[in-house]
There are 2 protein chains.
Amino acid sequence: MAEDGTSKSLGHHEGTDWNDAFQWDVREDCEVRQILDRIADKWSLLVIALLDDRTMRFTELKRMIDGVSQRMLTVTLRQLERDGMVERTVHPIVPPRVDYALTELGRSLHATVQSFVLWTEQHQEDIAEARSRYDRDAGRLADAETAATGATAATAIAAG
Amino acid sequence: MAEDGTSKSLGHHEGTDWNDAFQWDVREDCEVRQILDRIADKWSLLVIALLDDRTMRFTELKRMIDGVSQRMLTVTLRQLERDGMVERTVHPIVPPRVDYALTELGRSLHATVQSFVLWTEQHQEDIAEARSRYDRDAGRLADAETAATGATAATAIAAG
DNA sequence: CCGTATCCTTTCGGATACTG
DNA sequence: CAGTATCCGAAAGGATACGG
């Protein structure tokens, strides 16, 4: 493993190859972060997923997601509309009818979302297993580390 | 792995193509949702991204992300460790040294994350543009819809 | 039917202080 | 260095009531 502490600064992009020198702009104002926080929130991905199938009305979406409150569905749809992901069509009839559809931008995101969901489906058992293991072993390091430090504290003195 | 067929009500439609009959398990207890909420939170993706490059220590991560508080970095790392995404190695020396590395599971996620980030980078201008447009036109529907409903309210009566 | 407005609870997350 | 514990403000999000 790498012993040296050659920490590279992430403030600027130099390497363009993601596999070699992978680095984001990790700052708070990074746009990738902003956008990701938006579309990866509690409901957005579900809305995108459902709308990729077909155009839907407000009540349809609300019924199909059915954990969502009226307020949050409205907020989510407004955000997605603002980001240019969904298009909102109001039909001026007496019982109002509003249709929501994905834009081209929204459809292009769906392909990526799909791969994400696929990964999750493929690995959910691994994760569940890892969690069980972790929860079962909780508290094991109290013993282990006390013994370890007691044995090596006098011999292993590292420089700050 | 994952050759179940018991817990999912997803895959039993004849149209297994995502483009045709796309549907998730949209419920609250959907595991895809659970996992997605975990890894798509404020810091997890950044940690995964940085650790894919190489093994890092706690302070290194803290310095490179540098918007994160000590508390949140610890919480994030514990969650990722619990989910089997990162491995934590404690060296029993006097100034404690703890290394964090991605597991195989974590590395497999990185590929997907990468495509996600790529999409965001490619479309961030479109999104910024859409937002400007939306914000500029805020309030336009007050006039438009008032006029529209006023003209059509008497004639358009739709059934419930 | 499709929202908006308000209230209120829960959660997130930073600041700080302390431990080994 | 690498945490843990506690406090507290901010934000997310549900419930409800009301409006067009």
Side-chain angles (χ1 to χ4, degrees), chain A residues 5 7 28 33 37-38 40-44 46 56-63 65-79 81 86 88-100 138-139 141-154 156-160, chain B residues 28 33 37-38 40-44 46 56-63 65-79 81 86 88-100 138-139 141-154 156-160:
Chain A
S7 57
E28 206 65 39
R33 276 281 312 279
D37 283 357
R38 173 65 14 99
D41 71 0
K42 199 170 184 182
W43 307 111
S44 293
L46 296 175
M56 295 184 79
R57 306 180 54 173
F58 183 87
T59 319
E60 277 184 297
L61 285 168
K62 178 154 168 37
R63 186 168 39 241
I65 297 182
D66 204 79
V68 71
S69 63
Q70 192 178 25
R71 181 180 171 278
M72 287 317 296
L73 183 56
T74 302
V75 169
T76 300
L77 286 168
R78 285 295 179 282
Q79 286 176 342
E81 187 193 3
V86 305
R88 180 168 173 267
T89 308
V90 180
H91 302 278
I93 57 180
V94 174
R97 179 195 178 99
V98 181
D99 286 327
Y100 292 94
L141 44 75
D143 286 349
E145 286 188 355
T146 303
T149 48
T152 58
I157 304 293
Chain B
E28 205 67 37
R33 277 281 313 279
D37 283 358
R38 172 67 13 98
D41 70 359
K42 199 172 185 183
W43 308 111
S44 294
L46 296 176
M56 295 183 80
R57 304 179 54 172
F58 184 86
T59 318
E60 278 185 296
L61 285 167
K62 178 155 167 39
R63 186 169 42 240
I65 298 182
D66 204 81
V68 72
S69 61
Q70 193 179 26
R71 181 181 172 278
M72 286 317 295
L73 182 57
T74 302
V75 169
T76 300
L77 286 168
R78 286 295 178 283
Q79 286 175 343
E81 188 193 0
V86 305
R88 181 168 172 267
T89 307
V90 181
H91 302 279
I93 58 179
V94 172
R97 179 194 178 100
V98 181
D99 287 328
Y100 291 93
L141 45 75
D143 286 347
E145 285 189 353
T146 306
T149 46
T152 58
I157 305 293

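Note on naming: letters A, B, ... go to the chains in the order of the sequence lines (proteins, then strands), and numbering restarts at 1 for each one.
Taking atom CZ on A:Arg97 and atom P on C:dC1, their separation rounds to 11 Å, with Å as the unit. Rounded to whole Å, atom P of D:dG14 lies 11 Å from atom CD1 of A:Ile65.
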Please tabulate the protein-to-nucleotide N/O contacts below 3.5 Å involving nucleotides 4-13 of chain C, giving atom names and distances.
unit_1, atom_1, unit_2, atom_2, d
C:dG13, N7, B:Arg71, NH1, 3.1
C:dG13, N7, B:Arg71, NH2, 3.3

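When all heavy atoms are compared, the tightest approach of B:Ser44 to B:Arg38 is OG-O, 3.4 Å. Of all heavy-atom pairs between B:Arg88 and B:Tyr100, the closest is NE-OH, 3.3 Å. In this structure, A:Trp43 and A:Met72 approach most closely via the heavy-atom pair NE1-CB, 3.8 Å. Minimum interatomic distance between B:Lys62 and B:Val68 (heavy atoms only, all atoms of both residues): NZ-O, 3.5 Å.
Where A:Pro96 and B:Val98 meet DNA chain D, the nucleotide closest to each residue was compared, and B:Val98 sits on the side nearer the 5' end.
Note that the CD1 atom of A:Ile65 and the NZ atom of A:Lys42 stand 11.5 Å from one another [nearest 0.5 Å]. The line from CG of A:Leu46 to CG of A:Asp66 is 12.0 Å long, rounded to the nearest 0.5 Å.
Taking side-chain N and O atoms only, A:Tyr100 has no distance below 4.0 Å to OP1 or OP2 of C:dC1.
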